[in-house]
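Computed from a predicted model, the values in this text were never measured in an experiment.
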Amino acid sequence: MKIVTWNVNSIKVRVPHVCDYLRATAPDVLLLQETKISDDKFPALEIEDLGYTIALLGQRTYNGVAILSKHPMEDVIRGLPGNTDDEQSRYIEATIQGLRIGSLYLPNGNPLGTEKFDYKLRWMGQLRDHAQAMLRDDVDFALGGDWNVAPEAQDLFDPGAFLEDAIAHNESRALWREINYLGLTESFRALHPDLAQAWSYYDYQRGAWEKNHGIRIDHILLSPRVADRLIEAGIDRDERSRVQPSDHVPVWCVLAD
DNA sequence: ATGGTTGTTGGACAA
């Protein structure tokens with residue numbers, strides 16, 4: 001089973017990229033973030049024509065998450081459990097082939113010292129609680145998305161440039177570790193522990209792509225039994241070289257069936 | 001050099 005996560009930064013603009021990607025790589029599941037569109041306006045037909053089922057938690061202008069699946073989806077939940085009054089569309093989860101699979105768009109949290117950063121930390125705490133509850137209930141799961149956390153210095157092209165950034169702040173990283181230390185496996189780094197310059201995001205500004213100035217903030221975390229099935233993981237950086245690309249590229253893993 | 005770019009939207013705001 002191949003699972004991909006991709007922050008598309010507007011599905012409306014990125015429909016051709018997504019359809020080409022589905023045709024070329026045929027993942028079982030594609031998790032989307034920043035679709036930036038209400039559910040009634042989501043361009044579903046083109047995607048369904050490629051054989052995918054769609055589950056949505058959209059929002060106009062900002063945020064918006066989705067799950068595209070080749071296989072049937074069951075028991076879809078929208079919004080993080082325990083945070084159902086969240087006004088921002090940042091989490092959707094469904095059962096696919098016996099796995100609970102979540103698509104998440106974790107708050108960016110910048111700038112530090114504002115309500116936005118508090119919201120990020122609160123949201124991460126709620127995500128931790130949800131992961132913990134699933135482990136307690138013996139649920140197999142994968143949590144993929146734009147985590148807006150660069151876990152370590154090696155996940156930033158210039159660690160010194162992010163000292164005041166919520167993406168690399170100690171408190172963001174502490175909660176990231178709390179979640180991982182529940183017993184989860186971050187699929188890419190587990191298989192490529194020392195691979196440098198493996199970026200999942202390149203800013204549109206300052207010629208970041210041309211200079212290879214990226215960061216790694218998109219991740220897929222696996223619960224223990226699922227991690228035992230992990231056989232491959234990667235990042236499709238070439239998507240960033242296309243015309244009118246998203247600022248994020250697809251991040252994926254493959255599980256043994 | 002406090003800039004630069006993209007997307008939504010129709011002037012800022014988010015990233």
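If you measure from atom CG of A/Asp247 to atom C1' of B/dG4, you get 14 Å, rounded to the nearest angstrom. At whole-Å resolution of the value, NZ in A/Lys36 and C1' in B/dT8 are 7 Å apart. Rounded to whole Å, the distance from OH on A/Tyr105 to P on B/dA15 is 5 Å. Atom-to-atom, CD of A/Gln88 to P of B/dA14 comes out at 9 Å; the value is rounded to the nearest Å. Going from atom CG of A/Asp203 over to atom P of B/dG7 covers 13 Å, rounded to whole Å. As a whole-Å value, the separation of A/Phe117 CZ from B/dA15 C1' is 16 Å. B/dA15 atom C1' lies 13 Å from atom CG of A/Asp218, rounded to whole Å. With rounding to whole Å, A/Arg60 atom CZ is found 15 Å from B/dA14 atom P.
Of the candidates B/dT6, B/dT8, B/dA14, the closest approach to any side-chain atom of A/Tyr62 belongs to B/dA14. Closest to the A/Arg206 side chain, of the nucleotides B/dC13, B/dG4, B/dT8, is B/dG4. The side chain of A/Gln205 sits closest to B/dA15 out of B/dA15, B/dT8, B/dC13.
A sub-4.0 Å separation between OP1 or OP2 of B/dG7 and a side-chain N or O of A/Gln244 is present. Look at A/Tyr201 and you won't find any side-chain N or O under 4.0 angstrom from OP1 or OP2 of B/dA15. Distances shorter than 4.0 Å separate some side-chain N or O of A/Lys116 from OP1 or OP2 on B/dA14.
If you find the closest nucleotide of DNA chain B to A/Asn7 and to A/Lys12, the one lying nearer the 5' end belongs to A/Lys12. Between A/Pro245 and A/Gly109, the one whose closest nucleotide on DNA chain B sits nearer the 5' end is A/Pro245.
A donor-acceptor pair shorter than 3.5 Å can be found between the side chains of A/Asn9 and A/Lys36. One side chain, A/Asp86 or A/Tyr119, offers a donor N or O that lies under 3.5 Å from an acceptor on the other. Judged by distance alone, the side chains of A/Asp28 and A/His71 do bring a donor and an acceptor atom under 3.5 Å apart.
As judged by a 4.0 angstrom heavy-atom cut-off over every strand, A/Tyr202 is placed among residues making no nucleic acid contact.
Screening A/Asn7, A/Asn108, A/Thr5 for a side-chain hydrogen bond (donor to acceptor under 3.5 Å, both in side chains) with A/Asp146, the sole residue that qualifies is A/Asn7. Partner of A/Pro107 under the side-chain contact (heavy atoms from CB on, under 4.5 Å) criterion, chosen from A/Arg90, A/Gln88, A/Met124, A/Arg122: A/Arg90.
Annotation: B/dA15 and B/dG4 have their C1' atoms spaced 13 Å apart (nearest Å).
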